[in-house]
Amino acid sequence: MKKILLTGGAGYIASHTNVELLKGDYELVLIDNYCNSCHEAIRRVEEISGRTVTFYQVDLMDQDALDQVFTQEPDIDSVIHFAALKAVGESVEKPLDYYSNNITGSLNLYQMMKKHGVSKIVFSSSATVYGDPDSIPVNETAAIRATNPYGHTKAMMEQILLDTAQAENWDVAILRYFNPVGAHHSGRIGEDPSYPNNLLPFVSQVAAGIREKVTVFGNDWPTPDGTGVRDYIHVVDLAQAHVKSIEKLAHSPGVHIYNIGTGRGYSVLEMITAFEAACGHSVPYAVGPRRPGDIAEVTGDPSKAEAELGWKAQLDLSSMVESAWQWQSQNPKGYSS
Ligand code: NAD
Ligand code: WQD
């Protein structure tokens with residue numbers, strides 16, 4: 001069995017990736033400091049998969065603790081690096097926290113990989129590195145021009161990895177996720193934000209009566225219905241892209257960069273309408289001002305991932321919103337329900 005180390009292993013996307021990896025011939029070692037997650041997510045991954053994982057509560061900022069993990073797990077084949085702070089607004093208010101956690105955390109990880117001879121890594125990047133692209137659907141050759149500290153950390157983490165890959169002969173897959181949404185079909189794992197920064201978790205909480213209404217950030221954008229358009233991707237499809245990336249690195253050396261999205265955009269109003277159909281009642285909303293830093297529309301061209309990874313998103317909008325509602329309604333207080 002190949003041993004995979006997942007940083008941020010208790011988080012939203014990692015928990016779904018764990019489930020997909022555990023269907024295959026992989027042994028998982030997870031590290032997380034629980035700054036945005038909890039152990040219950042890992043317990044439920046074990047429940048869904050019927051398998052156990054090895055877990056270390058370690059902060060990537062703690063290089064000695066990280067060193068010990070690599071020493072105790074000498075046969076790590078590949079790393080999937082999810083751990084990061086990810087809230088755009090918070091990153092504008094606390095840039096030093098973001099640069100410190102995301103950049104220093106990554107540097108520590110890469111140093112330990114080098115020290116312990118681990119040379120394969122899948123990295124969680126984001127469509128945020130493209131900022132407001134000149135044309136859509138954006139492909140992987142588009143200019144990198146992030147517009148906020150969080151996005152800058154992702155662009156820097158990519159660059160550090162590219163330079164290291166070249167110098168150290170590493171094999172790297174950089175996955176630029178578009179807008180991950182939804183949950184595992186069991187309804188046992190999902191996104192559990194204390195305060196939702198993204199559209200769909202907010203809509204879910206309004207649908208559940210936890211919040212009063214959704215504020216639509218502007219209806220005067222140059223889009224068909226005036227609201228922002230994004231490329232939403234089901235988290236289970238996204239999780240499977242990681243499995244395909246691990247398989248890819250096993251036989252294709254070098255650096256690979258992929259957009260992971262569907263290529264299809266939906267507006268804010270389309271998302272709310274789809275959610276209403278899933279939950280069976282209306283979701284109150286009001287149109288407010290544009291959110292600073294927002295863009296009208298972004299979708300990704302996923303054809304490179306299809307051609308080279310053999311990966312293509314399978315799950316449609318109704319699966320995204322139905323699974324999000326199932327998770328929300330079965331776990332009204334998230335993992336502490
Ligand atoms: P998440 O917050 O659920 O998962 C990140 C995990 O990393 C959390 O469990 C957190 O506790 C952990 N973590 C953070 N800093 C750490 C540190 N210093 N040491 C150890 N653990 C640490 O977020 P997610 O949505 O699952 O995102 C996973 C990755 O995907 C992140 O790198 C994020 O930037 C990236 N990404 C997310 C989205 C999205 O919309 N969710 C989109 C594009 C990219
Ligand atoms: C989607 C659409 C909003 C909330 C962010 C990060 C990006 C990536 C994914 C990590 C936009 C509108 C939202 C609300 C609204 N994360 N909206 N009311 O901004 O595309 O991307 O998450 O890498 O880096 O920037 O996602 O879910 O915040 O917004 O009208 O309460 O919903 O204006 O059009 P975004 P989002």
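None of these values were measured; they are calculated from a predicted model.
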Does the side chain of Arg230 come under 3.5 Å of the side chain of Asn198 through a donor N or O and an acceptor N or O?
no
I'd like to know whether CD of Gln72 has more than 12 heavy-atom contacts from other residues, nucleotides or ligands below 6.0 angstrom.
yes
Determine yes or no for a side-chain-to-main-chain donor-acceptor pair under 3.5 angstrom, with Arg44 supplying the side chain and Arg188 the backbone.
yes
Report yes or no: does Tyr98 contribute a side-chain atom to a donor-acceptor pair with the main-chain N or O of Ala87 at less than 3.5 Å?
yes
Count the heavy atoms of every other residue, nucleotide or ligand shown that sit under 6.0 Å from NZ of Lys304, and state whether that count exceeds 12.
yes
Check for a donor-acceptor pair, side chain of Asp59 on one end and backbone N or O of Asn33 on the other, with a separation under 3.5 Å.
no
Would you say the side chain of Ile13 lies within less than 4.5 Å of the side chain of Val235, judging by non-hydrogen atoms?
yes
Does a donor on one side chain sit under 3.5 Å from an acceptor on the other, for His116 and Asp67?
yes
Using the rule side chain to side chain contact (heavy atoms under 4.5 Å, CB included), only one of Asp294, Thr227, Leu199 pairs with Phe217; which is it?
Asp294
Side chains of Tyr177 and Ser124, donor plus acceptor under 3.5 Å:
yes
Is the count of non-hydrogen atoms from other residues, nucleotides or ligands lying under 6.0 Å from Lys94 atom NZ greater than 12?
no
Between Ser15 and Asn18: side-chain donor-acceptor atoms closer than 3.5 Å
no
N/O donor-acceptor pair under 3.5 Å between Asp237 side chain and Gln314 backbone
yes
Ignoring hydrogens and angles, tell me if any N or O in the side chain of Tyr335 forms a donor-acceptor pair with the backbone of Ile189 under 3.5 Å.
no
Classify the ring geometry of His16 against Tyr12: parallel below 30°, tilted from 30° to 60°, perpendicular beyond 60°.
perpendicular
Pairwise side-chain contact, Leu21 with Thr17, heavy-atom cut-off 4.5 Å (strictly under):
yes
Of all heavy-atom pairs between Trp327 and Ala183, which one has the smallest distance, and what is that distance?
CB-CB, 3.7 Å
Are more than 12 heavy atoms, taken from residues, nucleotides or ligands other than Lys23, located less than 6.0 Å from that residue's NZ atom?
yes
Do Gln68 and Tyr56 make a side-chain contact, defined as non-hydrogen atoms from C-beta onward lying under 4.5 Å apart?
no
Side-chain donor-acceptor contact under 3.5 Å, Glu90 with Tyr150:
no
Apply the test salt bridge (charged side-chain N to carboxylate O under 4.0 Å, His left out) to residues Arg145 and Asp134: give CA-CA distance (whole Å), side-chain angles for both, the deciding distance (0.1 Å), then the verdict.
CA-CA 11 Å; Arg145 47 177 189 224; Asp134 294 329; 2.7 Å; yes
Report the C-alpha separation of Ile144 and Gln159 in whole Å, then their side-chain angles, then the decisive distance to 0.1 Å, and conclude whether the side-chain contact (heavy atoms from CB on, under 4.5 Å) test is met.
CA-CA 10 Å; Ile144 298 300; Gln159 190 60 53; over 6 Å; no
Check: Asp301 side chain, Asn259 main-chain N or O, donor-acceptor pair, under 3.5 Å:
no
Please check if the distance between the ring centroids of Phe55 and Tyr34 is under 6.0 Å.
yes
Gln166 atom CD, neighbour heavy-atom count above 12 within 6.0 Å
no
Measure from the side-chain N and O atoms of Asp231 to the backbone N and O of Gly263, and report whether any donor-acceptor pair falls under 3.5 Å.
yes
Looking at Lys120, Lys114, Lys115, which hits salt bridge (charged side-chain N to carboxylate O under 4.0 Å, His left out) with Glu168?
Lys114
Keeping Glu46 on the side-chain end and Val53 on the backbone end, is there a donor-acceptor pair under 3.5 Å?
yes
Please report the shortest heavy-atom distance between Ile257 and Glu140, naming the atom on each side.
O-CG, 3.4 Å
With a cut-off of 6.0 Å (strictly less than), are more than 12 heavy atoms of other residues, nucleotides or ligands near OH of Tyr285?
no
For the student: nearest non-hydrogen atoms of Gly261 and Ala313, plus distance:
O-CB, 4.3 Å
